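Working notes, structure below.
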Protein chains: 2
Amino acid sequence: MALTHAIMTALLEDRLSGYELARSFDTSLGFFWKASHQQIYKCLRELEVQGLLSSEEISQETRPDKVVYQLTDSGRAELDHWVAGEGQLREAKDDLFVKLYNLNEKNLPHIQRELTARAEHTRARLALYRQIRERRYQRPQDMPLRQRGIYLALLAGINHCEQFLQWTESCEQLLASAAVN
Amino acid sequence: MALTHAIMTALLEDRLSGYELARSFDTSLGFFWKASHQQIYKCLRELEVQGLLSSEEISQETRPDKVVYQLTDSGRAELDHWVAGEGQLREAKDDLFVKLYNLNEKNLPHIQRELTARAEHTRARLALYRQIRERRYQRPQDMPLRQRGIYLALLAGINHCEQFLQWTESCEQLLASAAVN
DNA sequence: CGCCGCATGTAATTAGTTACATGATTGT
DNA sequence: ACAATCATGTAACTAATTACATGCGGCG
């Protein structure tokens with residue numbers, strides 16, 4: 001489960017509760033690895049049993065108590081070991097492309113709508129990425145290595161969105177004429 | 001399971017055996033939806049039970065017998081229904097970006113190697129995509145709708161590869177100076 | 001004779017999703 | 001009063017991976 005490594009990565013610099021992890025997976029690292037809170041809590045318990053994380057209960061006055069986790073030395077070692085290993089490529093799976101294989105006169109309007117919706121979603125995502133870049137990564141070349149890595153991941157997200165939006169324009173062009181016929 | 005729909009899509013025009021499906025998932029549709037042969041065989045049996053596919057055993061002299069599947073009317077209807085429904089976006093998961101969040105002096109050489117390997121893999125993939133485009137999609141605007149859809153999926157693959165390769169160059173630039181220090 | 005491609009599976013495990021559940025506090 | 005946010009879980013299920021297994025025919 002690479003989710004374990006994503007969680008440990010999120011804990012590299014901060015001690016976080018399951019809830020906070022789930023929140024941070026809605027942004028930042030979560031742009032590249034999504035997980036539900038259920039999965040995260042389960043994973044956290046397993047990681048603690050394995051001794052890769054340690055936990056501490058924090059009492060809070062105004063809010064419910066929470067349990068924060070941090071990397072243990074052996075967690076750090078395991079993470080280093082994972083990073084040093086060969087990453088395996090998992091092919092992206094996307095409904096949209098499978099649907100395009102089904103394109104015909106009848107479903108054309110619907111698929112065009114889906115393309116538009118995806119473009120819309122991608123535009124929003126791109127705006128968010130760009131905002132993060134402007135706020136925090138004006139001069140990546142001056143930053144420490146880890147920050148540069150995070151910046152590069154962000155840049156991959158930005159480039160991917162830009163490319164996707166260009167592609168949706170190609171789709172519009174190639175499908176526009178068909179809509180008339 | 002969207003794999004069922006990918007399988008039905010692959011059977012839109014051809015009657016195929018499980019083995020042939022697995023092979024075709026190494027190319028074409030498989031660029032966008034991967035599956036192992038075990039998963040495919042299992043799925044085929046379930047789809048037949050549900051009446052969405054029908055099968056026929058084909059005796060072969062020089063090779064082992066095989067079972068070919070084809071879409072039934074209700075399979076076609078189900079596929080149409082799925083295409084007409086709302087597609088759900090599943091966020092891509094990629095080790096590489098999680099690893100970038102772990103970037104430091106120690107693992108830098110390894111991560112650079114991984115980036116290079118991915119670029120290499122992407123170049124090969126891109127060459128394949130381009131070959132397919134040149135051989136079969138010289139004039140997509142003159143093709144029937146379904147072919148255009150398939151072309152657009154291919155184009156997404158091409159654009160994605162091109163974008164990724166540009167990104168790996170950004171990585172090289174931003175990480176080159178660090179390697180010296 | 002041994003490996004490769006064709007062709008099909010079982011079994012066990014891991015990963016991930018969906019539905020449901022609880023209970024506190026803060027803001028409108 | 002009601003919804004939203006914080007905080008944590010259980011249970012059931014679906015999807016996917018990994019390891020193992022079988023047997024035939026062609027090629028070098």
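These figures come from a predicted structure and were not determined experimentally. In what follows, chains are A, B, ... by sequence order, proteins preceding strands, each numbered from 1.
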Looking at A/R15 and A/E20, is there a salt bridge between them, counting it only when a charged N and a carboxylate O are closer than 4.0 Å?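 A/R15 and A/E20: not salt-bridged.
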
Looking at A/R130 and A/E134, does any basic side-chain N land under 4.0 Å from a carboxylate oxygen?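 Here A/R130 does not pair with A/E134 in a salt bridge, since their nearest N and O are not under 4.0 Å apart.
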
In whole angstroms, how far is the [atom2] atom of [N] from the [atom1] atom of [X]?
X	N	atom1	atom2	result
B/L21	C/dC6	CG	P	14 Å
A/L3	C/dG16	CG	P	6 Å
B/L89	C/dT17	CG	P	12 Å
A/R90	C/dT14	CZ	P	15 Å
B/Q39	C/dA12	CD	P	19 Å
A/D26	D/dC6	CG	P	11 Å
B/K42	C/dA12	NZ	C1'	13 Å
A/E20	D/dT8	CD	C1'	13 Å

With a 4.0 Å limit, can you tell me whether [X] has a side-chain N or O closer than that to the phosphate oxygens OP1/OP2 of [N]?
X	N	value
B/R23	C/dC6	yes
A/S36	C/dT18	no
B/R45	C/dT10	yes
B/S17	C/dC6	no
A/Y19	D/dT8	no

Can you list the steps and then say if A/Y129 with A/R133 is a side-chain hydrogen bond (donor to acceptor under 3.5 Å, both in side chains)? CA-CA 6 Å; A/Y129 286 160; A/R133 177 170 58 180; over 6 Å; no

Listed nucleotide nearest any side-chain atom of [X], set [options]:
X	options	result
A/Y41	C/dG16, D/dA16, D/dA7	D/dA7
B/K66	D/dT18, C/dA7, D/dG9	C/dA7
B/P64	D/dC20, C/dC6, C/dA19	C/dC6

Would the distance check show the side chain of B/N104 and the main-chain N or O of B/N107 forming a donor-acceptor pair, the cut-off being under 3.5 Å?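 Checked: pair present.
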
Would you find a donor on one side and an acceptor on the other, under 3.5 Å apart, between the side chain of B/K99 and the backbone of A/V83? yes

For DNA chain C, whose closest nucleotide is more 5', that of A/A2 or that of A/H37? A/A2

Considering heavy-atom distances to DNA chain C, does B/D65 or B/Q88 have its closest nucleotide positioned more toward the 5' end? B/D65

Please work out if B/Q38 contacts a base, only the sugar-phosphate, or nothing of the nucleic acid, heavy-atom cut-off 4.0 Å. base

With heavy atoms under 4.0 Å as the rule, sort A/K93 into base, sugar-phosphate or nothing.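 A/K93: backbone/sugar contact only, no base atoms under 4.0 Å.
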
